[in-house]
Trainee: 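I'd like to ask some things about the structure below.
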Amino acid sequence: MTAADAVRARAGHEPVALGIVLGSGLGGLTAHVEEAVEIPYADLPGFPASGVSGHRGALALGWLGGARVALLAGRAHYYEHGDARAMRAPIETLARLDAEAVLLSNAAGSTRPAMGPGALMAIADHISFSGLNPLIGEVGDRRFVDMGEAYDPALRARLKAIDPDLHEGVYAWFSGPSFETPAEIRAATVLGADAVGMSTVPETILARYFGLRVAGVSVITNLAAGLGAAPLSHAQTKAEADRAAARFEALAMRFAEGFA
Ligand code: HPA
């Protein structure tokens, strides 16, 4: 049985329009899903066990803003087991459930002092600073995925129409789990990074591989290493994501309406 079959057996055959991957501390969106059917990742073949605090590890099927949605509350990261393909099964499952698009969210550090904690940034493009790729090991010509407009411009325009204060920028993926050094942040800034984080990029590549349109939103939880006064910590990431969660939730709900 595939994970998609398991989902249909529990939550019904209604096609999903939009998948949403919830980043650190952003799981609260699940509470807004109507007629929610929640399935622990442990019950879904191939799904990862997320061992990171702030990530629950459950798929929630239901209705948000009138659209049929599948929320991935909890993601697996490369840094947990050294596996860039950790989110392959969840992203493939969204495609098998007929999702047209996926909204990827994350908590991130900012390289721009004017885009501080609490800001939201629409991801316009990314840099795989880690040099990793989740498609290594795939076979066939489909693996040569075009990444020219990986973050769908039309979906990004919709996000900006909903929240005029939304920043826009480039997200750079560092493997983690240690935070970056100030020198790495200076390097990434020279290369064009506006935000840095430990996720999302492999999911975007997988989503494009499986034919999903991608929208991405970073919730800025801190200024990146060397730019702020305080040491960085996961506790701070979760606390700041919590503070910005209501704004992210409002944005995601309005965004979902576009898929009703
Ligand atoms: N770096 C990497 N990942 C992060 C950060 C950061 O500064 N903040 C939240 N997630």
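Order of listing sets the numbers, starting from 1, for every ligand and every atom in it. Remember, predicted model here, so these are calculated numbers, not experimental data. All heavy atoms count here, side chains included; hydrogens, waters and symmetry mates do not.
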Trainee: If the criterion is any heavy atom closer than 4.0 Å to an atom of ligand 1, which residues make the list?
Mentor: Ala107, Ala108, Gly109, Phe179, Glu180, Val196, Gly197, Met198, Thr221, Asn222, Leu232, Thr237

Trainee: Taking side chain to side chain donor-acceptor pair (under 3.5 Å) as the definition, give me every residue that meets it alongside Asp163, ordered by chain and number, with sequence neighbours left out.
Mentor: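 In terms of side chain to side chain donor-acceptor pair (under 3.5 Å), with neighbours along the sequence ignored, Asp163 is linked to Arg247.
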
Trainee: Without swapping roles, check the side chain of Arg156 against the backbone of Tyr151 for a donor-acceptor pair under 3.5 Å.
Mentor: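 At least one qualifying donor-acceptor pair exists.
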
Trainee: Does Tyr41 use its side chain to pair, donor to acceptor, with the backbone of Gly74 at less than 3.5 Å?
Mentor: yes

Trainee: Are any of the side-chain nitrogens in Arg96 or Glu92 under 4.0 Å away from the carboxylate oxygens of its partner?
Mentor: yes

Trainee: Mark yes or no for whether Arg142, through its side chain, and Tyr209, through its backbone, hold a donor-acceptor pair below 3.5 Å.
Mentor: yes

Trainee: Quick one: do Arg158 and Glu257 make a salt bridge, cutoff under 4.0 Å?
Mentor: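 No, Arg158 and Glu257 are not salt-bridged.
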
